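Model, not experiment: these values are computed from the prediction. In what follows, chains carry the letters A, B, and so on, assigned in the order in which the sequence lines appear, proteins first and then strands, with residues in each chain numbered from 1.
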Amino acid sequence: MASAAAESLVAGVRGSRRASAGLWSDAWWRIRHDRVTIAAFVVLAVLVVLALAADVLADHVFHMKFEDQELLKAYAKPTLDPLAYMLGADEIGRSQVVRLLYGGRVSLAVAFLASLINMTVGIAIGLSAGYYRGVWDDIVTWSVTTLNSIPTLYLLLIFAGLFTPGPPVLIAVLGFLIWTGIANFVRGQTFALREREFVTAARTVGASQARIMIRHILPNILPLIFVLAAIDAGGIILIESALSYLGLGITPPTPSWGNMLTNAASYFVRAWWLVVSPGVMIFLTVLSLYLIGDGLRDALDPRLRGSR
Amino acid sequence: MAAAFEKARSTATAESGKNLLQVGALTMHFPLTQGIIFQRQVGAVRAVDGIDFFVEKGETLGLVGESGCGKSTTGRAILQLYKPTAGSVRFEGTELTTLGGEAMRRMRRKMQMIFQDPYASLNPRMTVGNIIGEPIEVHHLARGKAKTERVQELLRIVGLNPYFTNRYPHEFSGGQRQRIGVARALAVEPEFIVADEPISALDVSIQAQIINLLEELQSKFQLTYLFIAHDLSVVRHISDRVAVMYLGKIVELSDRQELYERPLHPYTQALLSAVPIPDPAIEQKRKRIILTGDVPSPVNPPTGCRFHTRCWKAQPICSEADPEFIEQSPRHWAACHFPG
């Protein structure tokens with residue numbers, strides 16, 4: 001009995017020592033014990049590595065470039081001989097697997113970078129508007145409502161008309177157009193948090209406004225932002241495929257998962273497997289992102305500590 | 001009204017030599033506005049409406065009153081957490097109301113606050129070490145290992161285990177959290193602490209512990225307190241002098257003993273008569289003065305003396321002239337036309 005109590009006491013002390021460096025190391029400790037999140041991380045990492053290694057794999061494993069065509073092999077079924085057609089061939093006999101690798105580069109880069117821009121812009125604008133209020137908040141609210149009231153598609157049509165569509169343009173357009181949701185969310189949360197007593201306490205202590213925003217308010221929103229970022233990145237992949245369908249996204253012959261998917265949809269009856277592979281890729285990426293976002297949110301909530 | 005302020009200020013500044021804090025005609029009105037784009041002011045909540053007092057170095061001034069009478073607002077306006085509508089707050093001779101942001105930020109080293117709600121006043125995402133270490137960091141008092149040691153020392157001072165630095169607020173009980181709040185306030189070695197109902201949210205058994213801790217710290221670090229509370233027996237225990245507030249005004253201010261034995265203002269008398277006496281024999285004979293009606297709205301306070309609507313001594317003059325806050329006997333101020 002006594003020894004059990006002593007043991008639990010020791011465990012308690014060890015538990016408190018464990019997270020000595022604060023929120024982030026504590027979060028890291030918890031993520032390492034969260035198998036689902038780890039699995040999602042691994043899946044996403046594998047996809048990123050494969051995309052980055054597209055050149056090497058195309059040259060040395062599949063011996064085919066993404067634009068190489070072989071009309072006789074059009075609509076070839078998946079086969080291991082040659083390996084380049086392991087996922088079949090498209091309507092002009094290009095290797096589906098090689099195009100998928102290169103498409104991953106484009107799709108993932110667009111998703112991550114555009115989402116990063118979204119987050120940066122959205123958090124900066126939302127946080128400052130919610131904290132300072134007044135005229136700045138009025139300007140932000142007005143801009144957000146105006147941007148939201150114009151259908152994104154029309155805005156994208158305008159930008160696609162002004163610039164030649166390509167990955168950098170797409171990143172910039174998506175990055176600077178769809179931050180409004182995040183800005184709105186962060187603004188609302190900041191509004192509520194700035195009135196909390198611990199913010200008053202920070203002011204009493206003599207913390208500067210920047211410090212209050214970054215050290216007190218932001219950490220309280222951050223976990224939810226991770227979830228939003230993951231959903232955002234997933235959404236961008238889907239928007240990219242929709243835009244590609246309208247010819248406003250990534251234009252062939254450069255492959256992206258989005259344009260491969262929409263392209264293959266027209267040949268669905270003849271070669272359904274061409275639809276499946278980019279679909280699975282998008283599905284895996286979006287699912288992993290959601291799971292990672294969810295895992296990070298839980299890991300960053302100190303109140304859940306010890307519940308796993 | 002201005003004349004009343006002048007007179008009161010002259011009495012209150014009489015002993016300015018040893019006064020740490022000097023509050024003059026402090027007014028805090030919160031505007032009520034209508035309209036979204038073109039906002040116009042339709043009135044104001046007169047939370048604090050011209051109060052004068054001083055706090056001497058090393059003493060505890062108790063500030064009592066019902067909820068909504070402006071006690072907390074007074075504390076916060078003194079610390080410039082609200083920008084006062086009018087009046088002056090002088091701390092060691094420095095006027096705080098006109099101080100710029102950066103200068104005020106540096107001034108906060110000398111004045112701190114203990115909050116009422118130990119749950120809301122600690123950031124749930126910061127460890128105890130970071131919460132207590134923040135003032136040290138903000139004012140560049142120590143860094144690295146020295147900072148950690150200082151935080152541990154502070155935890156020991158307030159009676160907590162120094163190895164709690166890595167824990168989060170939710171892992172503590174209400175009393176322990178309040179100790180963390182006290183440690184945070186002490187971190188900058190302040191001279192003056194506004195304790196805003198520091199025990200109201202705590203269990204009765206814990207209240208005494210925190211009170212004892214505050215008293216202990218006061219003698220150890222020569223602290224000066226403005227102790228805001230609504231519990232008269234607690235205020236009697238801890239305060240050297242007591243100020244009674246009613247509807248945004250201080251109605252009576254005197255030394256503790258004097259106030260509890262010879263209250264001059266009818267409101268103070270009514271308040272004191274409501275305190276239960278822990279002796280059944282005396283308690284039986286205790287005469288309660290029961291006030292009728294509610295506290296009027298601070299948006300539209302009564303004319304003349306604000307208490308006249310509920311006062312059993314009220315005469316026609318009470319609804320016409322605002323009684324001056326004057327020294328009725330040495331060190332005993334009251335604002336009443338018919339004191340005693």
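- Residue-environment remark: NZ (Lys83(B)) exceeds the threshold of 12 foreign heavy atoms within 6.0 Å.
- The line from CZ of Arg125(B) to CG of Leu218(A) is 11.0 Å long, rounded to the nearest 0.5 Å.
- The candidate from Ser208(A), Ala201(A), Ala202(A) with the greatest count of non-hydrogen atom pairs under 4.5 Å with chain B is Ala201(A).
- In Phe221(B), the CZ atom is crowded: over 12 heavy atoms of neighbouring residues, nucleotides or ligands sit closer than 6.0 Å.
- Looking at Arg108(B) and Val205(A), their side chains never come closer than 4.5 Å, going by heavy atoms from C-beta outward.
- Here the CE-OG1 distance, from Met113(B) to Thr200(A), works out to 8.0 Å after rounding to the nearest 0.5 Å.
- The candidate from Val138(B), Ile131(B), Asn123(B) with the greatest count of non-hydrogen atom pairs under 4.5 Å with chain A is Asn123(B).
- Residue Met107(B): no heavy atom, backbone or side chain, is found under 4.5 Å from chain A.
- Contact of the Pro124(B) side chain with the Asn220(A) side chain is registered, since non-hydrogen atoms from C-beta on lie closer than 4.5 Å.
- Only the backbone of Leu122(B) comes within contact range of chain A, with at least one heavy atom under 4.5 Å from a heavy atom of that chain.
- No more than 12 heavy atoms of other residues, nucleotides or ligands sit less than 6.0 Å from atom CZ of Arg143(B).
- In terms of heavy-atom proximity, Glu197(A) sits nearest to Gln116(B) at OE2-N, 4.3 Å.
- Electrostatic pairing of Glu137(B) and Arg211(A) counts as a salt bridge here, judged by a charged N lying under 4.0 Å from a carboxylate O.
- Checked by atom type and distance alone, the side chain of Gln112(B) pairs as donor or acceptor with a backbone atom of Thr204(A) at under 3.5 Å.
- Using a 4.5 Å cut-off between heavy atoms, Arg76(B) touches chain A through its side chain atoms alone.
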